[in-house]
Amino acid sequence: MNLQDIEAFVAVAETGSVNRAAVRLNLTQPATTRRIQNFEASMGDAPLFNRAVKPAVLTSLGNHVLEHCRRVLTAVAELEASTTKTADPAGDLKAGIAHGMGEMVLTTPLDALRRTFARIRLQVSSNWTSNLIKEVRSGALDCAVGLLTDAHTVPAGLTRLSLGADQVVIVAASKTPTRRSGTPWRLRDLASEGWLLNPPGCGCRAALVKAFDRLQLPLHIAAGSAASSGSAPGPPRRSPGAGNDSAHPPGDGKRRAYAACCGCGPT
DNA sequence: GGGCAGATGCGAACTGTTTA
DNA sequence: TAAACAGTTCGCATCTGCCC
């Protein structure tokens, strides 16, 4: 019996899946399976999981052992903390960055983090914010920097820290009448426009719909931009034709508005 | 019957021990 | 001290069996 086997057992029990446990442990599924097998063998081949069902579930003995294992891991963590209390944080830090935030996060803040905590090994990946939240929840990531709108929810158990606010820029065709200098645009002014939005599920889209609903204004959707692979919406097209959907080809004289969004992902 | 999660076979890499 | 060997752990590829 060793600590790694115990960690694997607890990970499988807590995630309910060997695959998810493997992600949390930074191992492959076969390696995780073998750790569980080793652990069961060290317990005298005691059946800790009922494998007759899929996914496997803990047996009553497994539940009993799980409580002991958690106490063991807690004790080990306390022991480690007692010896490293005065030292800088060290080890692997798996961080996720929302699509579109790379330039903002991967330069100065990350350099500062590396300089401040030299013993931390950073592993950075990029994804949609909603997927990042899932990965943090599953343990695949330690933390993530994302774009959250009012339409996003952060699951219980996760800590949310606001780093700042960003503006969603609405781009309209040049033929849209201009406002007098200094007079701000209001959503009411754009209610008659046709909107080009990311597909349903996009956080910015949901927030816009919510804002229109609040004002009891109609939202005319001219077209939704094509999503990338999967259900996650892609960022706004930056091709020369961006903002021009097939329903209203360039130069047709019809006014249109465009809500830009990059990185928030499905809610 | 297909999809998916878990189990297994096999080889590679790493680590610890033994011996010259 | 260095080479040889054994044991351990891992990942890739593939198989098995459950669930929908």
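Convention: sequence-line order gives letters A, B, ...; per-chain numbering from 1.
With sequence neighbours left out, A:His64 forms a ring-ring contact (aromatic ring centres under 6.0 Å, His included) with A:His68. Here A:Ala31 pairs with A:Leu27, A:Thr28 under the side chain to side chain contact (heavy atoms under 4.5 Å, CB included) rule; sequence neighbours left out.
Whole-Å rounding puts the A:Asp5 CG to C:dT9 P distance at 7 Å. As a whole-Å value, the separation of A:Asn38 CG from C:dT8 P is 9 Å. A straight line from CD1 of A:Ile36 to C1' of B:dT8 spans 16 Å, rounded to a whole angstrom. Rounded to whole angstrom, the span from the CZ atom of A:Arg35 across to the P atom of B:dA7 amounts to 15 Å. In this entry the distance linking CG of A:Leu25 with C1' of C:dC10 reads 13 Å, nearest Å. Atoms CZ (A:Phe49) and P (C:dC18) sit 18 Å apart, rounded to a whole Å. Rounded to whole Å, atom C1' of C:dT8 lies 18 Å from atom CZ of A:Phe39.
A salt bridge does not link A:Asp213 with A:Lys210: none of the charged nitrogens is closer than 4.0 Å to a carboxylate oxygen.
A single hydrophobic cluster is seen to contain both A:Val72 and A:Leu58, as judged by linkage of ILVMFWY side chains at heavy-atom distances under 4.5 Å, directly or through other members. Linking Ile, Leu, Val, Met, Phe, Trp and Tyr residues whenever their side-chain heavy atoms come within less than 4.5 Å places A:Leu48 and A:Leu73 in a single cluster.
The shortest side-chain heavy-atom distance between A:Arg35 and A:Val12 does not fall under the 4.5 Å cut-off.
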Close N/O contacts between protein and nucleotides 11-17 of chain B (under 3.5 Å):
none

Would you list the protein and nucleotides 11-13 of chain C atom pairs, both N or O, that sit under 3.5 Å from each other?
unit_1	atom_1	unit_2	atom_2	d
C:dG11	OP2	A:Thr28	N	3.0
C:dG11	OP2	A:Thr28	OG1	2.7
C:dG11	O6	A:Arg34	NH1	2.7

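Listed by first and then second residue, the ring-ring contact (aromatic ring centres under 6.0 Å, His included) pairs involving residues 1-44 of chain A are A:Phe9-A:Phe39, A:Phe9-A:Phe49 (not counting sequence neighbours). Under the ring-ring contact (aromatic ring centres under 6.0 Å, His included) criterion, no residue pair touches residues 10-34 of chain A, with sequence neighbours excluded.
Neither OP1 nor OP2 of B:dG6 sits under 4.0 Å from any side-chain N or O of A:Thr33.
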### Query
Could you go step by step and tell me if A:Thr33 and A:Gln37 meet the side-chain hydrogen bond (donor to acceptor under 3.5 Å, both in side chains) rule?
CA-CA 6 Å; A:Thr33 293; A:Gln37 291 171 339; over 6 Å; no
